[in-house]
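Notes for the one structure printed next.
The chains referred to below are lettered A, B, ... by the order of the sequence lines, with proteins before strands, and numbering in each begins at 1.
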Amino acid sequence: MSFNINKDLQASHSIITLLEKAKNFSEITIDSLPIVFAVINQEGVILRANRCLAQLFRKDCEQILRDNFSSIFEKETWEIFRNNFNKIIECDHKFVEFELDISDGEAKGTIKESYYWYVTRFGSFEQSEGNTYVILGQNISKLRESEKQLAEIFNSISLAILTIDSNKKIMPRYSAFAECIFKTSEIGGNNFKDFIFASGMRLLLKDAQDAINGLENIFGESELMYEVIKDKLPKQIYYKTCGKNGNTEELYLGLSYQPIIYDGIVKRILLIVEDRTSIVKAEEENKKIKILDDQVVRRVVQVRSAKPEMMEILIHEVDKLFSRSKEHLQSKSWRNFANTMHSIKGNARVVGLFTLANLAHQTEDLLLISIEDQLNDYEKIRENFILMDKEWEEIKILFQALKSDSSNKSNSANKIANIGEIQELFAQYNKCILEGQIVETAIISEKINIKLQKILSVELPSIKQLILERAEQTAKKLNKTVNVDFHCPLIKVNDDIKDVVNEALLHLINNSLAHGIEDEPQRIEKGKTPTGNVCIVIKEDKDILHIEFNDDGAGINIAKIRNKIVKQNLLKLEEAATLHDDKLIQFIFMPGFSTADEVDEIKGRGIGLDAVLSRIKAYEGTINVKTAADKGSTFIIEIPLIKKKEVVKKLYSVRNFVTNLIDLLKVMEKEDNISIDYKNLLAESTNGTGIIFIDRTKLLLALTNHIGIVGQCYKKVQLNFRKNDSGLVSLILSYKDISDKSQAELKYSVPIDICNHYILNHGGRVVETRERTEIIFGFYLSKDLIPLITYSYSKDLSNSEIENLAQFINQVMDEFDIRISVEKNETTAGIHFVKHLQDSRVSNHCLFTVNHTEFKRSIFDHLRRLICL
Amino acid sequence: MEKLITMIKDNSIDRFKSHMKYNDVSIEIPNDKNLNKVRSFRTVIILVSGDDLKLIFKVHFTSEIANYFYQNAMQKTPAAVEKSIDFMKEYTNVVAGRIKKFFTDQNVNVGISLPILTRGFDEIFFELPKINDAIVENWIIKAEKYHLCCTGIIELLNPNVVSRLKYSVPEQTDNGDEGEVNFL
């Protein structure tokens, strides 16, 4: 029996020994866990700790029993731990999980280690430690460091990386760049569809819209469902940001989608968003460049096809038209702007620059729509005009590059030579300014002006070719044939007048071919030659340019005009019915009036004749029309070559002018060994009050140049004054002993030529014969026209003020060669200048201020009126 | 009952002196009344049990303490902590052997268990006896700078047995291992 008991005990002991070993092994395993393990009581006293926790105490794990768990924390951190711990103690939570940093051992406050804590209730042992709790702590510092590194990488990627959860909302964690793209920090929590797709949804194809709706419902569905929609999801969308300050920005976002799948079910969607705005814009820019490239090709073809001589003329013309257009655009003179557009269109079409012509046509269209619909939205017009301007600049550059014709080369060479000289003059001019040589600066400035005028001056017959080309082009378009006779002697006019004539004739050609000249069958039926005839005759008479434009077309359809007048509510039916034909015809010059039934690129807008009239009127010209049914129409245009408005731009005393001239000539005599006979010149010039109406400085320079050159060619130059019956004064230069060679040199002398032009353009005239040149440049006032001006001043003026005034009055008298008498009027307050004009039967009292300029201007205006009369 | 506890204490000291090779030891009774609190990292527990009573003797120590006592007794460093732990187990065993001898000599039949090593933390699982005839006491045997925490728990299953037991403080003997029962 005893033996059996011993055996039982032996067996029990064996199993106990085994269990003891097993338990010890378990304990060692817990000790060796790489996470913090502890059992603590409610006061935080450690009852069981493993090696990992002991390391935090820098102790052996056997030594930290009954230490307090709180000692591994800083005070504030322990408060947080305790707060979480209390959730189990007080709030009956089964467990709590949280992240909390602890300081690394003794170096508290320096090295922080991040831990993820899990605290749970262990058991209640009333007889020993009371309530006990298990704490597990995972050091996640390395994880956090890795996360941080990943986040740095993640955030440095210029992509918005978003996750959409099963509630269709964007999850709170997303890449930092997302806020840069979407321009907001409020991304998380938004419904992904509303947030990302709202602004661009309507621009997507229906398939893409359906796919987005499908994506919205994909969560919790099989991944196969995702496969169905994935190819239809939009890869790029339009997105409009809404900044806090109301600023919006338009973006193009590239999208890629990645489902996050667990067990074959879509749980979330990873959405990667790329800002492709710059790429899209670059692509658009590329497209534009391609279009531009195409335009360049077209432009090259057009410019190559154009005749170089025509292009030369056109460039000059259209440049001016552009310049005018810009002014009209700036001043919002839309009707004038439309006219210039029409002219540009016509000019461009003549030489085959159809891109420019189309742009002008589009601009016209836009303008007319704006005017008719009263839209007041001219921004598109401006944009179109900018395109036109660019196109034109490109054409010019291209033309210069393509020019190869020898004659063109020669012409260009002349111009380039002139330009070269001008550049040289500018260099001298700048040098003189720097050196403070005022007189030389003025002289060089004048030389530059003269050179420039030389470059810009043209002869009127030069427009012939353009007119003929236009006629041919337009006729071809209208399936008509026309023969144009163009007669124009060598008339030199200033550029502006040449423009007016050119434009007027281009419009009239257009008009005649569109409305007047019939097509061949009609003409044959009417017994006319199959080809229409246009005759243009230009001549000059008494400073007036006469232009007669005649065609043998159908004539102006008076009945049609009458109907249009009524239709457009310009007149009532009964008024139109009784109106004389001559008056009715005038309606064709009204803005927007056209008898054409349909609008096309040649006719129907009612711009052409309106443009003609406005340009002619601007030059104080007139236009008259004669018409006969089936016989044709004649337009007679008269344009004064000297604009009255320009006649008296400047007024100076002739006497002073002559004094200045003689002073200059004396210098020339001395320096250039020129022999000038100006006996009695001064005496003659002072015989009566005379005023020159050309810029004194320029005239002086022109004349000294003239005399200087002439002086080199002749042994002697004689200068005289002449005063004709009309009061005009002239300087006569008589030469003796000239050679043929010198004659030729004179003829092509730039200063003389320019001098002549200049005088002509400012109301003067130049009459040249072999032995003398007469330059009419001024005006002698008859005795009854000489103004007598008196002024009075108050007693309040001091002596020095009176002296100053007297000095000023003398200057004015000297400048204008008039007399001003002085009266004292002590009763008048302030200073009064009273004009007593001899030609006025009644004294004309005028009140001036003490401002000298006002006083001077008043006298100036008076003299201008006298001369214009 | 008090005498029984004294008997256990005396035995623990007596055997401590002989087992650990210390002559100058003292005993201290801690003020802490929470008797079964976690006291140290390791605990060796041994049970002396019979029909009339159950007696548990526990010693609480750390590896450092065990190593120290081992080194003192054996005059050599333990090859591993297990050697020291076995040394401590042996200590409980000799104490239990002396206790058994005490009871056997007075015709109270008891047996002794194997000394079991466990963790100090396991204290929280031990419930104190709920019957009235039980006593629990902790004491500390101090030797030089180290000390050993001991716990004695006596549970009387037959309260009459106490009257049969006589205990007097034993005289110091040189034969420390007298009456020792080798465990299996």
Tell me whether E62(A) contacts the main-chain N or O of S63(B) through its side chain, where contact means a donor paired with an acceptor under 3.5 Å.
yes
Heavy-atom count around K9(B) NZ within 6.0 Å, excluding the residue itself: above 12?
yes
Contacts of R268(A) meeting salt bridge (Lys or Arg N to Asp or Glu O under 4.0 Å) (sequence neighbours excluded), chain-then-number -> none
Taking the side chain from E20(A) and the backbone from L117(B), do they hold a donor-acceptor pair closer than 3.5 Å?
yes
Is it true that atom CZ of R66(A) has more than 12 heavy atoms of other residues, nucleotides or ligands lying nearer than 6.0 Å?
yes
Taking C-beta and beyond as the side chain, do F121(B) and L65(A) meet within less than 4.5 Å on heavy atoms?
no
When rounded to the nearest 0.5 angstrom, what distance separates CD1 in I116(B) from CD1 in I16(A)?
5.0 Å
Can you see which heavy atom on E129(A) is nearest to which on I124(B), and at what distance?
CG-CG2, 3.4 Å
Which residues pass the salt bridge (Lys or Arg N to Asp or Glu O under 4.0 Å) test with K142(B), sequence neighbours left out?
E28(B)
Among residues 44-54 of chain A, those lying within the under-4.5 Å heavy-atom range of chain B are L47(A), R48(A)
Can you tell if the side chain of T62(B) reaches within under 4.5 Å of the side chain of Q63(A), non-hydrogen atoms only?
no
Please determine whether the number of non-hydrogen atoms from other residues, nucleotides or ligands lying under 6.0 Å from atom CG of D51(B) exceeds 12.
no
May I ask you to list the residues in residues 140-149 of chain A that approach chain B closer than 4.5 angstrom, counting heavy atoms only, ordered by number?
none
Where is the tightest heavy-atom contact between N24(A) and R42(B), given as atom of each residue plus distance?
OD1-NH1, 4.4 Å
Contact check, side chains of R119(B) and D31(A), non-hydrogen atoms, under 4.5 Å:
yes
Does K59(A), at its NZ atom, have more than 12 non-hydrogen atoms belonging to other residues, nucleotides or ligands within less than 6.0 Å?
yes
